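Values in this document were obtained by computation on a predicted structure and should not be read as measured data.
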Amino acid sequence: MTINAQKLIRAVEEADSSDRLLDAVKQLAASGLEESIPTLIAALGYNNPGAAVAAVDGLIAIGEPAVQPLLELIDNYNYGARAWAVRALAGIGDTRALDTLLEAAKNDFSLSVRRAAARGLGTLRWHQLPPEKLESVKTQVLEALLVISEDPEWVVRYAVVTSLEALAIVTTLPDKISRITEHFQQMVSTDVDLGVRTRVRLAQRKIQQQQPQEIIYI
């Protein structure tokens with residue numbers, strides 16, 4: 001471990017006020033050092049939302065090296081720390097976190113966690129998957145997003161729309177694209193929230209730009 005990393009980590013561990021803890025975590029997160037991962041993960045469990053936000057941002061910036069440590073510890077967290085961990089995993093988009101994101105998007109009682117997980121399902125790093133598994137996993141994600149699109153909270157449904165749009169653009173199978181566009185047409189007609197309906201129409205236009213011109217939205 002470098003001297004700089006040791007100094008930054010010690011500052012977090014020795015912080016004697018919430019403000020100093022926040023500043024120390026922000027500095028550690030900004031370093032982008034892999035050595036900071038355990039300390040940033042520990043910060044998710046502190047009773048300091050600002051420090052947790054900074055830790056999440058730092059873990060997302062570090063990316064793939066942070067995924068396995070997060071997954072190994074996630075079941076041992078208290079709920080608050082686990083919620084922050086889900087946000088970090090969603091932001092990283094590593095496919096190793098797929099099961100965790102699916103579970104959180106479907107079942108977490110916090111709308112902000114469901115929203116983050118639903119958004120994360122649309123930003124997965126598909127290139128990490130073996131080619132022979134790619135379409136089956138996309139199907140799994142599609143089925144989940146269609147269910148989650150019935151979430152009672154509009155912010156979660158909004159996140160689902162962005163993820164369905166992303167999935168439609170990266171998939172090559174016409175049947176998946178058709179299912180998404182048909183579902184969007186249904187949401188335009190039935191979703192009670194104007195913001196969600198507006199976002200659906202934007203998604204429809206973006207998908208249409210990526211597809212043959214015979215796909216027409218009414």
Handout entry: side-chain contact (heavy atoms from CB on, under 4.5 Å) involving E153 - partner list, sequence neighbours excluded
Key =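 With sequence neighbours excluded, E153 shows a side-chain contact (heavy atoms from CB on, under 4.5 Å) to L111, R114, D151, V155, V156, given in chain and number order.
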Practice task
Not counting sequence neighbours, which residues clear side-chain contact (heavy atoms from CB on, under 4.5 Å) with P131? List them please.
Solution key: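 With neighbours one apart ignored, the set is empty.
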Please name the pair of heavy atoms, one in [X] and one in [Y], separated by the smallest distance, quoted to 0.1 Å.
X	Y	value
G122	S163	N-OG, 3.1 Å
A83	V113	CB-CG2, 3.4 Å
S31	L8	CB-CD1, 3.7 Å
I9	S36	CD1-CA, 4.5 Å
A88	L70	CB-CD1, 4.0 Å
A90	A116	CB-O, 3.2 Å

Could you tell me the separation between the [atom1] atom of [X] and the [atom2] atom of [Y], rounded to the nearest 0.5 Å?
X	Y	atom1	atom2	result
L28	E35	CG	CD	10.0 Å
T139	L134	OG1	CG	9.5 Å
H127	T95	NE2	OG1	8.0 Å

Checking [X] now: which residues fulfil side chain to side chain donor-acceptor pair (under 3.5 Å) with it, not counting sequence neighbours?
X	result
T198	none
D193	none
R96	D94
S112	R87, S110

Exercise for the section: State whether the side chain of T171 and the backbone N or O of A168 hold a donor-acceptor pair below 3.5 Å, judged by distance alone. Expected result: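 Checked: no pair found.
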Practice task
Could you tell me whether a side-chain N or O of S149 sits under 3.5 Å from a main-chain N or O of L146, the two making a donor and an acceptor?
Solution key: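 Yes; judged by distance alone, with no hydrogens or angles, the pair exists.
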Taking the side chain as every heavy atom from C-beta outward, state whether [X] and [Y] have any pair of such atoms under 4.5 Å apart.
X	Y	answer
W126	L129	yes
N48	V25	no
L22	Y46	no
R205	L202	yes
L33	N4	yes
V200	H183	no
Q210	I207	no
L98	V141	yes

Exercise for the section: Go through the steps to decide whether L167 and L121 satisfy the test side chain to side chain contact (heavy atoms under 4.5 Å, CB included), and finish with yes or no. Expected result: CA-CA 9 Å; L167 187 60; L121 291 171; over 6 Å; no
Practice task
Please step through side chain to side chain contact (heavy atoms under 4.5 Å, CB included) for the pair R82 and V86, ending with a clear verdict.
Solution key: CA-CA 6 Å; R82 189 178 191 281; V86 169; 4.2 Å; yes
Under 4.5 Å between side-chain heavy atoms, counting indirect links through other Ile/Leu/Val/Met/Phe/Trp/Tyr residues: same cluster for [X] and [Y] or not?
X	Y	answer
L173	I180	no
V147	F109	no
V170	L145	yes

Exercise for the section: Apply the test side chain to side chain contact (heavy atoms under 4.5 Å, CB included) to residues V161 and F184: give CA-CA distance (whole Å), side-chain angles for both, the deciding distance (0.1 Å), then the verdict. Expected result: CA-CA 8 Å; V161 173; F184 277 166; 4.0 Å; yes
Exercise for the section: Report the C-alpha distance between Q204 and Q185 in whole Å, list the side-chain angles of each, state the deciding distance to 0.1 Å, and finish with yes or no for side-chain hydrogen bond (donor to acceptor under 3.5 Å, both in side chains). Expected result: CA-CA 9 Å; Q204 288 177 317; Q185 198 60 41; 3.0 Å; yes
If a pair satisfies salt bridge (Lys or Arg N to Asp or Glu O under 4.0 Å) and one of its residues is in [range], list it, with sequence neighbours excluded.
range	value
residues 2-15	none
residues 20-30	D16-R20
residues 154-166	R157-D191, E165-R199, E165-K206
residues 134-143	E135-K138, E135-K176, E143-R179

Handout entry: Residue pairs passing the ring-ring contact (aromatic ring centres under 6.0 Å, His included) test where at least one lies in residues 47-74, sequence neighbours excluded
Key =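 ring-ring contact (aromatic ring centres under 6.0 Å, His included) check on residues 47-74 returns no pairs.
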Practice task
Applying side chain to side chain contact (heavy atoms under 4.5 Å, CB included), run through D99 and Q140 and close with a yes or a no.
Solution key: CA-CA 10 Å; D99 289 343; Q140 182 184 11; 4.3 Å; yes
Tabulate below the donor-acceptor pairs under 3.5 Å that side-chain atoms of residues 49-68 make, not counting sequence neighbours, or state none.
{"from": "E64", "atom 1": "OE2", "to": "R125", "atom 2": "NH1", "distance (Å)": "3.1"}
{"from": "E64", "atom 1": "OE2", "to": "Q128", "atom 2": "NE2", "distance (Å)": "3.1"}

